[in-house]
Amino acid sequence: MIGWYRAADWTKHTAVAAAVIAALGLWLTAWSSWKTAQVADDQLRQSADEQQQEARNQVSKIVVWIEGERIVVVNRSLDPATAWLGLNKDDYAGISLGTLPPCTRLELPRDLSKVDEKSIQVPDGRLSAAYVSDITVTDAAGRTWRRYPDGSLVSVRFLNRDPIESLAPGPLSGPAVTMTTVEKCGTSD
C-alpha cells in the first residue's frame with residue numbers, strides 16, 4: 001500500500017496553502033492599515049480640539065456679570081485683552097472697556113451717565129445698561145471672540161472696521177469706575 005502522501009500532488013497543495021497564507025497576509029495588512037488610519041484620525045481630532053481649547057484659553061478667563069447696580073468685568077488671564085460690552089440685542093449699543101490689564105476686576109455703574117462718554121456707543125442716545133447682551137474680547141493673539149449670556153463663546157470676524165477701534169482707546173474711566181487686582185490670576189475659578 002502506497003501512502004497517501006506519496007500519491008498526493010504536493011505542488012498543487014503547496015500552491016493552495018501559499019495562496020491561503022498570502023490572502024490572510026493581505027487581509028491582516030489591510031486590517032492593520034485601517035486601524036492605523038483610525039488612530040491617526042483620532043489623534044488629528046484630539047489635536048484640533050486641543051488647539052481650539054488653547055485658542056479659547058485667555059478668553060475663557062474673562063467674564064462679565066451684574067451685581068445689583070454695578071456691572072463687573074474680570075480678566076483672570078495673565079495677558080491684557082481689549083473688550084467691548086454689548087448692551088442690547090436690537091441695535092449695536094455698547095461700551096468700550098478699553099484694554100483690560102491682566103488680573104483685574106473692573107466695576108462700572110449700570111447708570112452709564114457716570115462713565116466717560118467717549119467710551120460709549122449708543123445709537124438712540126439712551127444711556128442704560130439694563131441688559132448686557134454680550135462681551136466681545138480681542139485676545140493677546142489678536143483673535144476676537146464674543147461670549148453670550150448663556151456662556152457660549154464664538155469666534156468673530158468683522159467685515160467692516162471693528163467698532164471698538166472708533167471709540168476712546170485706553171482703559172474705561174469715569175467717577176464711578178473702579179479697577180482692582182484679583183486673586184487666583186491665571187485660573188478660571
Side-chain angles (χ1 to χ4, degrees), residues 1-66 72-92 94 96-97 99-105 131-165 182-189:
M1 170 171 348
I2 300 177
W4 66 268
Y5 53 89
R6 285 189 184 159
D9 186 359
W10 287 106
T11 307
K12 289 180 182 176
H13 292 302
T14 304
V16 169
V20 169
I21 291 171
L24 287 173
L26 284 174
W27 178 84
L28 184 60
T29 302
W31 180 80
S32 67
S33 295
W34 178 65
K35 282 299 193 182
T36 301
Q38 279 186 324
V39 169
D41 284 346
D42 288 344
Q43 288 174 338
L44 186 61
R45 198 172 304 115
Q46 182 179 2
S47 176
D49 290 347
E50 287 173 0
Q51 285 179 341
Q52 177 115 7
Q53 195 66 22
E54 185 179 322
R56 294 173 176 236
N57 186 32
Q58 180 184 6
V59 177
S60 68
K61 296 174 183 164
I62 300 171
V63 293
V64 62
W65 69 88
I66 295 178
V72 179
V73 181
V74 177
N75 179 5
R76 289 192 189 280
S77 76
L78 298 173
D79 294 306
T82 304
W84 165 269
L85 196 61
L87 296 182
N88 61 44
K89 294 179 183 177
D90 302 327
D91 52 13
Y92 204 69
S96 171
L97 301 176
T99 301
L100 298 173
C103 309
T104 56
R105 175 184 171 116
Y131 179 81
V132 175
S133 63
D134 62 73
I135 183 169
T136 302
V137 177
T138 302
D139 64 17
R143 294 178 296 251
T144 302
W145 302 87
R146 184 166 289 153
R147 181 189 304 272
Y148 294 98
D150 65 0
S152 62
L153 183 64
V154 295
S155 178
V156 177
R157 295 195 195 285
F158 293 105
L159 298 177
N160 298 321
R161 188 169 173 233
D162 185 343
I164 299 170
E165 294 174 7
V182 295
E183 296 177 16
K184 295 184 182 178
C185 189
T187 66
S188 39
D189 297 340

May I have all residue pairs that pass salt bridge (charged side-chain N to carboxylate O under 4.0 Å, His left out) and include part of residues 27-45, sequence neighbours excluded? Asp42-Arg45
At their closest point, which heavy atom of Arg147 faces which heavy atom of Ile62, and how far apart are they? NE-O, 3.5 Å
What distance separates Asp134 CG from Leu85 CG, expressed to the nearest 0.5 Å? 7.5 Å
Answer yes or no: is there a donor N or O on one side and an acceptor on the other, between the side chain of Ser47 and the main chain of Gln43, under 3.5 Å? no
For the pair Asn75 (side chain) and Thr104 (backbone), establish whether a donor and an acceptor sit closer than 3.5 Å, ignoring hydrogens and angles. no
Quick one: closest heavy-atom pair of Arg76 and Glu183, and the distance? NH1-O, 2.8 Å
Calculate, to the nearest 0.5 Å, the distance between atoms OG1 and CG belonging to Thr29 and Leu24 respectively. 10.5 Å
Could you tell me if Asp150 and Ser152 have a donor-acceptor pair between their side chains, going purely by distance under 3.5 Å? yes
For Pro80, does its backbone N or O pair with a side-chain atom of Gln58 as donor and acceptor, under 3.5 Å? yes
Kindly give the heavy-atom pair with the smallest separation between Tyr148 and Val154, and that separation in Å. CE1-CG2, 3.8 Å
Asp139: partners by salt bridge (charged side-chain N to carboxylate O under 4.0 Å, His left out), with sequence neighbours left out: Arg143
With rounding to the nearest 0.5 Å, note down the distance linking CG in Leu97 to CH2 in Trp84. 9.5 Å
Taking all atoms of both residues into account, what is the closest heavy-atom pair of Cys185 and Ser77, and its distance? SG-O, 3.5 Å
Distance check, rounded to the nearest 0.5 Å: Ile21 atom CD1 versus Thr14 atom OG1? 10.0 Å
What pair of heavy atoms forms the shortest contact from Val156 to Trp145, and how long is it? CG2-C, 4.1 Å
